[in-house]
Number of protein chains: 2
Amino acid sequence: MAPDQQRGGATRRRGAALEDAILRAAAEELRTAGYASMTMDRVAQRAGTNKNAIYRRWPARAALGVAAYCHLADAELRVPDTGTLRGDALALLRAANATWSSPQGAVLRDLLAAAADDPGLLTLLREQAGGSSTDAAWLTLIGRAVARGEAAAGAAHPRVASVPMALLRGEYAVRGLPEVPDEVLTEIVDEVFLPLVRGRAIDV
Amino acid sequence: MAPDQQRGGATRRRGAALEDAILRAAAEELRTAGYASMTMDRVAQRAGTNKNAIYRRWPARAALGVAAYCHLADAELRVPDTGTLRGDALALLRAANATWSSPQGAVLRDLLAAAADDPGLLTLLREQAGGSSTDAAWLTLIGRAVARGEAAAGAAHPRVASVPMALLRGEYAVRGLPEVPDEVLTEIVDEVFLPLVRGRAIDV
DNA sequence: CTCATAAGGTACGCTCCGTACCCTAAACTC
DNA sequence: GAGTTTAGGGTACGGAGCGTACCTTATGAG
C-alpha cells in the first residue's frame, strides 16, 4: 500500500513503463540507503508493484542492483585540460576520488562484492565504473603531455596509464571507507606518476 | 550429531581447547567450501559444539571468519634475494599472485567484502594479507638495489614501494577471478616498476 | 468479442543469523 | 570432598530476506 511512485488512476503499467518504474525505485533505494537496504520487497513496494514483476526481468537481486546502478550513474567522463601534465593528472585523480568517496562509491563497492561470482555482471559494472573509459582518459592525457614535450614518448603505455587509478584504489582498499586526503593524491602524482612518465625514456 | 572433530569421551572441552576446535572447524570450512558456506551452524556442528560457544567468543559471523582466516593463513613472508632488482621484484610479485589466485585468495576477497563495515576487522585482515609487511618487503628490496647502484637513492619511498602490489590488485579487480598471467607480472615490472625506480633520480 | 499475455496479490518454503532459556559438566573455593 | 561459580550443550525461536508458486485480474491484440 501507499506506493511512492505515482500510481494515481487504476491504470496498470506494462512493459517499458513498469520496467522503468522498477529501475527508478531500485536506483533511489541505492542512492538513499545503499545496496544492503535494497531488498526486493522494498523495491517492489516503492515501485508500486510486486516482486513477480521484478523477477520476470532480472534473475536475482544482484542483477537488479547492477542494472539500477548503471541507470543511476550515467556520469560521462570529461578529460581535463589544464595545460600541464600535473594539473591534468591531479584533476582526473580528484574527480575519481570524489566519485569513489561518495555514497555512490560505497554502492559500487558493495555491488562489486555482490557480483563477484557473475562474470557478466562484473563486465557491466566495469564498463560503468572506472573501466576502459578511464584508462583511455589517462592515455589521451599522457599523449598530450608527450606532444608538449612534457613526457617521454614511451610513456603512453596502457600499463603506465593505469598506475594512478590503481594507487588510488589501493588507498581505498588499505584504508577503511573515508575519503582519501588530497595529500595522498598529490603524492601519487609527484612521487610516482610524474617521475615515471618523465624519466621513463632513459632506459627504454 | 556425528561431530567431525574427535569428541571421543564424554569429556567437555573448555576455554582454549574449545576455542581452538572452533577455529579449526571454521578454517577447515573456509578452506574447503569458502566463506559463503561457513555458516555458524556448520561450524558448530563440525567443531562438535553449538552456536552458543561461538557467539560467546565472536560477536558476529564476519568476526569468526576473519579469525579463522588469520588462523589458516599463517604465511610468513620471505623477502627474496636473487641478486638483481628485477629478479627480486618478479619473485615477490609471483608469490603474491600465487596467494591471491588460490582459493585462499577468494576467501580473502569475500572476507574483505564482509568486513567492509567493521574497521577493526579490516585492520586485522590487512595485517594478515598484503598489508604493511609486504610494503616493508618491497622497501628492503629497493633498499638493496639502491646499495647495489641499481636504483636511484630517492626510490626507497613507501609510495613507490606500493606500486607493484597496487597494480596486481588492480588486475584482480578488473578481471574476474582467474589467475593473472605471468606476462602481466613481467609487464608490471618492466614497464612500470623498473623504469620508475631506475629513472626516478633525474628530476628529484 | 475473445483470448493470450502480463501485472497484482498473497502466501509460502528455505536458509541463515543472532538470541533466549534451561540443563549440566567442569573447575574453582574452602 | 561438598558447595558454588563458570561455561558448555541442546534446542527452540524470532526475524530478515531471497526466490517461487498459484491464482486472480487488467490490458491490448486480432
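Lettering follows sequence order; numbering is per chain, from 1.
- Contacts of B/Pro181 classified as side-chain contact (heavy atoms from CB on, under 4.5 Å), with partners at least two apart in sequence or in another chain: B/Glu183, B/Val184.
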Worksheet item: What string of B, S and - do you get for nucleotides 12-18 of chain D, 5' to 3', when a contact is any protein heavy atom under 4.0 Å?
Response: -----SB
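- Take A/Val163 and apply the side-chain contact (heavy atoms from CB on, under 4.5 Å) test, not counting sequence neighbours, and it matches A/Leu167, A/Val192, A/Leu196, B/Leu167, B/Val192.
- At the heavy-atom level, A/Arg42 lies nowhere under 4.0 Å from the strands shown.
- Scored by the side-chain contact (heavy atoms from CB on, under 4.5 Å) test, B/Glu29 finds B/Ala33, B/Met38, B/Arg42, B/Arg46 as partners (sequence neighbours excluded).
- Applying the salt bridge (charged side-chain N to carboxylate O under 4.0 Å, His left out) rule to pairs touching residues 93-104 of chain B yields B/Arg94-B/Asp182, sequence neighbours excluded.
- The CG atom of B/Asn50 sits 13 Å away from the C1' atom of C/dC21 (whole-angstrom rounding).
- Listed by chain and number, the residues in a side-chain hydrogen bond (donor to acceptor under 3.5 Å, both in side chains) with B/Thr82 are B/Asp88 (sequence neighbours excluded).
- Here B/Thr84 pairs with nothing under the side-chain hydrogen bond (donor to acceptor under 3.5 Å, both in side chains) rule; sequence neighbours left out.
- Judged purely by atom type and a 3.5 angstrom limit, A/Asn97 uses its side chain to pair as donor or acceptor with the backbone of A/Val180.
- A/Ile22 places its CD1 atom 14 Å from the P atom of C/dA6, with the value rounded to the nearest Å.
- A/Arg57 has its CZ atom 17 Å from the P atom of D/dG19, to the nearest Å.
- As rounded to whole Å, 13 Å separates atom C1' of D/dA26 from atom CG of A/Leu18.
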Between the protein and nucleotides 22-25 of chain D, list every N/O to N/O distance that falls short of 3.5 Å.
{"unit_1": "D/dC22", "atom_1": "N4", "unit_2": "A/Asn52", "atom_2": "ND2", "d": "3.2"}
{"unit_1": "D/dT25", "atom_1": "O2", "unit_2": "A/Arg12", "atom_2": "NH1", "d": "2.9"}

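- Rounded to 10 degrees, the angle separating the terminal helix axes of the helix from C/dC1-D/dG30 to C/dC30-D/dG1, each built from five base pairs, is 10°.
- Considering every non-hydrogen atom in both A/Tyr69 and A/Leu30, the closest pair reads N-CD1, 3.8 Å.
- Scanning for ring pair (Phe, Tyr, Trp, His ring centres under 6.0 Å) contacts around A/Tyr35 gives an empty result, with sequence neighbours left out.
- With sequence neighbours excluded, no residue forms a side-chain hydrogen bond (donor to acceptor under 3.5 Å, both in side chains) with B/Asp110.
- In this structure, B/Arg56 has no side-chain hydrogen bond (donor to acceptor under 3.5 Å, both in side chains) partners at least two apart in sequence or on a different chain.
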